[in-house]
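Note that this is a predicted model, so its numbers are computed, not measured. Each chain gets a letter, A, B and so on, in the order the sequences are listed, and its residues count up from 1.
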2 protein chains.
Amino acid sequence: MNKEIVLKNKIKEIRSSKNISQESLAKLVATTRQTIIAIEKGQFNPSAKLALLICIALDCKFEEIFWLE
Amino acid sequence: MNKEIVLKNKIKEIRSSKNISQESLAKLVATTRQTIIAIEKGQFNPSAKLALLICIALDCKFEEIFWLE
DNA sequence: TATGATTGTAAAGTAAACTTTACATTTTAT
DNA sequence: ATAAAATGTAAAGTTTACTTTACAATCATA
């Protein structure tokens with residue numbers, strides 16, 4: 001896949017603004033804290049399913065959280 | 001990850017309605033036709049990056065194409 | 001009928017997402 | 001200051017997305 005285009009996100013900002021910890025977000029979307037950390041840091045590119053679960057947990061539309069650069 | 005929840009999509013319907021072939025969609029998003037086929041059939045769960053590229057190529061918002069069931 | 005374009009299927013290999021565990025560091029509240 | 005909560009980092013293992021190649025089947029058009 002195109003390596004020049006990178007998926008960015010503002011999960012950390014939105015999560016913090018709602019006072020949700022990494023651990024509770026992880027539980028909300030049935031994954032682990034490690035996965036949340038890695039996604040927040042851009043260390044990896046989540047699956048669309050997990051990304052959508054995160055959007056729902058954070059009560060945002062997909063494009064409000066994720067974008068391409 | 002939660003195996004009871006499944007990511008669904010209507011890529012095939014939207015793609016067809018715009019007269020875009022699997023191959024040209026694949027080229028638009030810099031992937032292969034095999035990947036498009038597998039995603040359309042629900043055989044796998046695309047990355048959020050690829051999913052967003054597809055949304056842009058099809059000129060739709062994420063939630064217009066992808067949802068959870 | 002024939003030819004090209006589109007789609008379906010399959011299989012092997014690679015890359016990366018995700019899990020699990022463990023421990024260290026920082027922040028917050030008492 | 002101290003304890004608890006939250007966050008950072010790391011590493012090994014498993015699962016799955018994604019690539020590449022190849023060939024068959026369907027459909028539209030000349």
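Considering B/T35, B/I20, B/T31, B/I39 in turn, B/I20 is the only one that fulfils the side-chain contact (heavy atoms from CB on, under 4.5 Å) rule with B/L25.
For the pair B/I37 CD1 and D/dA25 C1', the computed distance is 12 Å after rounding to whole Å. A/K41 places its NZ atom 6 Å from the P atom of D/dG8, with the value rounded to the nearest Å.
For DNA chain C, the neighbouring residues in residues 9-28 of chain B, judged by any heavy atom under 4.0 Å, are B/K12, B/R15, B/S21, B/Q22. Interface residues of residues 42-56 of chain B facing DNA chain D, ordered by number: B/Q43, B/F44, B/N45, B/P46, B/S47, B/L50; criterion, heavy-atom separation under 4.0 Å.
If you check D/dA22, D/dT16, D/dG8 against the side chain of A/R33, the one that comes closest is D/dG8.
The neighbour count for B/K61 NZ, taken as heavy atoms of other residues, nucleotides or ligands under 6.0 Å away, does not exceed 12. The number of heavy atoms from other shown groups lying within 6.0 Å of NZ (A/K18) is above 12.
Nucleotides of DNA chain C with any atom under 4.0 Å from a heavy atom of chain A span, from 5' to 3', C/dA16 to C/dA22.
Taking each heavy atom of A/N45 and B/A48 in turn, the nearest pair found is OD1-N, 3.8 Å.
Hydrophobic clustering, with ILVMFWY side chains joined whenever heavy atoms are under 4.5 angstrom apart, keeps A/I11 apart from A/I37. A/I5 and A/L7 end up in the same hydrophobic cluster when Ile, Leu, Val, Met, Phe, Trp and Tyr side chains are linked at under 4.5 Å.
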Next item on the list: Please assess A/L68 against B/I56 for the test side-chain contact (heavy atoms from CB on, under 4.5 Å), listing each intermediate value before the final yes or no.
Entry: CA-CA 10 Å; A/L68 298 173; B/I56 293 169; 3.8 Å; yes

Item checked: Evaluation steps, side-chain contact (heavy atoms from CB on, under 4.5 Å), between A/F66 and B/K49 -> CA-CA 9 Å; A/F66 296 96; B/K49 175 180 169 183; over 6 Å; no

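Under 4.0 angstrom from either OP1 or OP2 of D/dT16 there lies at least one side-chain N or O belonging to B/K3.
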